[in-house]
Amino acid sequence: MLNAPHKTGLVFFPAFDWAIDPTHPEREERLLYTQDQVREEGVFDVPEIIEYKPEIVTPKDVQRAHFCVPDEQTVTTESHLISAGGAKAIANAVMLNEVKNGFALVRPPGHHSMRVTHGGRGFCHINIEAIMVEYIRSQFGVKRIAVIDTDCHHGDGSDDIFWHDPDVLFISLHQDGRTMYPGTGFPRDLGGPNAKGSNLNIPLPPGTSTEGYLYVIENCVLPVIAAFKPDLVVNSAGQDNHYTDPLTNMNFSAQGYARLTDMLNPDIAVLEGGYAIEGALPYVNLGIILAMAGIDYSGVVEPDYDPERLKQSESITDNIKRTCDQIMTYWGQRYEMREAAGEPGQIITRHREVFYDTDNIFDRQKEKIRVCRDCGGSFEVDSKATPGNHILGVHIPINACKACREQGYEFYDQADITKYQRIYLQDRTKDLYEVKQ
């Protein structure tokens, strides 16, 4: 059912001066065709649509979400800061009630960028949505936020940043990691010991169509959101699950995207992937814009759209239903899983390896977190990049209890500076960021 018309904010930032190389799929033409289509359709003449200019995020904005190694200036370009600033501009417009909702059509994308970032991976250097979410939490005091990632690739960076946070529900719908980059995001990946079930990963088989995506939204995502009761819903609106996308193997359509947006009803959408520059993005983005504004989107159809050709097989349908059942079972067990994850005050260790495919960096990480029943828990992450720096990052969550604040400062104060090039402190309770070197 179409929402009633209302004011919707838009930001466009094509980033003319940033591309991995001139013929790479992630280049400025991704948004130029969309801008042309939106203008041709007269969208900017509709009184409900308000265009905003992107801001540029500050180092402090980035520091709420990341440990940039060695620093923000090295990891980012101005285009990355303006892309994140586009999402920040839309967040301000929504939070100040200038518009009901908003869509940041920006690049470069960000959802593969993790808490520790040594450079580029999956076309991402900094995480646009995470920076925006942490800005909203600090600036406007919003407590519970849901981030729904509908990009075809697993949002492993967002998954990592919100892994230990029970107040951020992160759900990623993506093509099965056994068939595509980054090879992660399976149903058993449910979040850290203090946030089990707040991270839900829903892998979908290649060939999933509009029918399959909307089934997951209706039977899994929406019931979980309703139970979580977020104050704000964010959609990482990747569009590379379109049937014409050159990098993926899905059969989603522009009508499907518009319907998904209508059902999800996000407060803020942020563009992520999508590389069918002419055949998909202009139609998909237009459908999303109209759906967000509560305007009829039934006429938005790709020239070669053939629903019969894009139908999914019965085996795919059965696979998706089984996965949704599994996810809903995990969701129902989230509190029991947190109780079973460890005793309060216990320190739990996690080892990880992260590969930066864009910059050819290999990162070995050792993470320690305090088990807590009252907050997300303070943690430290020892990150050793090859080539690159060996650093320690300490994170104190925004909702930290007294014991976890003390644990965070114990991690920071007792760290041996002779072992690391830099030691970072991210104290979200004070909106404080410090570096020792």
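Nothing fancy with the numbering, it's 1 onward along the sequence.
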- prompt: Do you see a donor-acceptor pair shorter than 3.5 Å between the side chains of Ser83 and His80?
  reply: no

- request: Could you tell me whether the side chains of His154 and Asp156 share a donor-acceptor contact shorter than 3.5 Å?
  value: no

message: Do Gln407 and Arg370 pair up side chain to side chain, a donor and an acceptor below 3.5 Å, judged on atom types alone?
response: no

- request: Answer yes or no: is there a side-chain heavy-atom contact under 4.5 Å between Phe67 and Leu392?
  value: no

message: Is it the case that the side chains of Asn92 and Tyr52 hold a donor-acceptor pair, with the cut-off being a distance below 3.5 Å and no angle test?
response: no

- line: The reported gap from NZ in Lys143 to CG in Asp167 (rounded to nearest 0.5 angstrom) is 4.0 Å

task: Could you tell me the separation between the OG1 atom of Thr323 and the CG atom of Leu204, rounded to the nearest 0.5 Å?
output: 7.0 Å

- prompt: Would you say Glu218 has more than 12 foreign heavy atoms packed within less than 6.0 Å of its CD?
  reply: no

- prompt: Using a distance-only test with no angle check, is there a side-chain donor-acceptor pair under 3.5 angstrom linking Tyr409 and Asp427?
  reply: yes

- prompt: Is Arg352 paired with Asp160 through a side-chain N to carboxylate O contact shorter than 4.0 Å?
  reply: yes

message: If you compare all heavy atoms of Ser198 against all heavy atoms of Asp165, which two are closest, and at what distance to 0.1 Å?
response: CB-O, 3.9 Å

- prompt: Just by distance, do the side chain of Gln255 and the backbone of Val300 share a donor-acceptor pair under 3.5 Å?
  reply: yes

query: Atom CD in Gln326, atom CH2 in Trp331: separation rounded to 0.5 Å?
result: 16.0 Å

Any side-chain donor near an acceptor of the partner, Asp189 and Asn201, under 3.5 Å: no

- request: Under the side chain to side chain contact (heavy atoms under 4.5 Å, CB included) rule, what do Leu105 and Asn285 come out as? Steps first, then yes or no, please.
  value: CA-CA 8 Å; Leu105 294 105; Asn285 282 317; 3.4 Å; yes

message: Tell me whether Asp357 is salt-bridged to Arg121, with the criterion being a basic N under 4.0 Å from an acidic carboxylate O.
response: no

field: Short side-chain donor-acceptor distance under 3.5 Å, His111 and Asp149
entry: yes

message: Please check: side-chain N/O of Glu406 versus main-chain N/O of Ala403, any donor-acceptor pairing under 3.5 Å?
response: no

Check: His112 ring centre within less than 6.0 Å of Tyr181 ring centre: yes

Arg338 side-chain N/O to Lys196 backbone N/O, donor-acceptor pair under 3.5 Å: yes

task: Nearest 0.5 Å please: distance from the CG atom of Asn101 over to the CG atom of Asp267.
output: 7.0 Å

task: Heavy atoms only: give me the nearest Ser378-Arg405 pair and the separation to one decimal.
output: OG-N, 4.2 Å

query: Is the closest side-chain donor-acceptor distance between Thr248 and Asp240 under 3.5 Å?
result: no

- prompt: Do Gln421 and His390 have side-chain N/O donor and acceptor atoms under 3.5 Å apart?
  reply: no

Non-hydrogen atoms of Ser113 and Ile161 that approach each other most closely: O-CD1, 3.6 Å

- prompt: When rounded to the nearest 0.5 angstrom, what distance separates OG1 in Thr8 from CD1 in Ile289?
  reply: 9.5 Å

field: Gln175-Thr179 side chain donor-acceptor pair, cut-off 3.5 Å
entry: yes

- request: Specify whether Phe12 and Phe44 have parallel, tilted or perpendicular ring planes, treating 30° as the upper limit for parallel and 60° as the lower limit for perpendicular.
  value: perpendicular

query: Of the non-hydrogen atoms in Tyr412 and Leu425, which two are nearest, and what is the gap between them?
result: CE1-CB, 3.6 Å

message: Is it true that Ser383 and Arg364 share a donor-acceptor pair across their side chains at a distance under 3.5 Å?
response: no

task: Decide whether Tyr420 and Asp382 meet the rule of one side-chain donor and one side-chain acceptor closer than 3.5 Å.
output: yes

- request: State whether the side chain of Thr208 and the backbone N or O of Pro205 hold a donor-acceptor pair below 3.5 Å, judged by distance alone.
  value: yes

message: Do Arg350 and Gln365 pair up side chain to side chain, a donor and an acceptor below 3.5 Å, judged on atom types alone?
response: no

task: State plainly whether the residues Glu339 and Arg373 are in salt-bridge range, i.e. N to O under 4.0 Å.
output: yes

message: Taking Cys375's backbone N and O only, do any of them form a donor-acceptor pair with Asn399's side chain (distance below 3.5 Å, no angle check)?
response: no

- prompt: Which value, rounded to the nearest 0.5 Å, describes the distance between Cys152 atom SG and Glu272 atom CD?
  reply: 13.0 Å

- prompt: Does Glu48 pair with Lys7 as a salt bridge, N-O distance under 4.0 Å?
  reply: no

field: From Thr58, Val62, Val57, residue fulfilling side-chain contact (heavy atoms from CB on, under 4.5 Å) relative to Lys60
entry: Thr58

query: Does a side chain donor of either Ser236 or Asp151 reach within less than 3.5 Å of an acceptor in the other side chain?
result: no

query: Ring centres of His174 and His153 under 6.0 Å apart?
result: no

field: Asp363/Lys384 salt bridge by N-O under 4.0 Å criterion
entry: no

No-hydrogen, no-angle side-chain donor-acceptor test under 3.5 Å, Asp159 and Ser172: no

- prompt: Between Tyr424 and Gln63, do the side chains contain an N or O donor and an N or O acceptor separated by less than 3.5 Å?
  reply: no

- prompt: Where the side chain of Asp245 meets the backbone of Leu247, is there a donor-acceptor pair that is under 3.5 Å apart?
  reply: yes

- prompt: Taking atom types as modelled and ignoring hydrogens, do the side chains of Arg259 and Ser298 form a donor-acceptor contact shorter than 3.5 angstrom?
  reply: no

query: Is there a donor-acceptor contact under 3.5 Å linking the side chains of Ser158 and Asn127?
result: yes

query: Does any N or O in the side chain of Asn194 come within less than 3.5 Å of the main-chain N or O of Val371, such that one atom is a donor and the other an acceptor?
result: no

task: Look at Asp431 together with Arg64 and state whether they make a salt bridge at an N to O cut-off of under 4.0 Å.
output: yes

- request: Evaluate the ring planes of Phe379 and His164, with Trp represented by its six-membered ring, and classify them as parallel (under 30°), tilted (30 to 60°) or perpendicular (over 60°).
  value: tilted

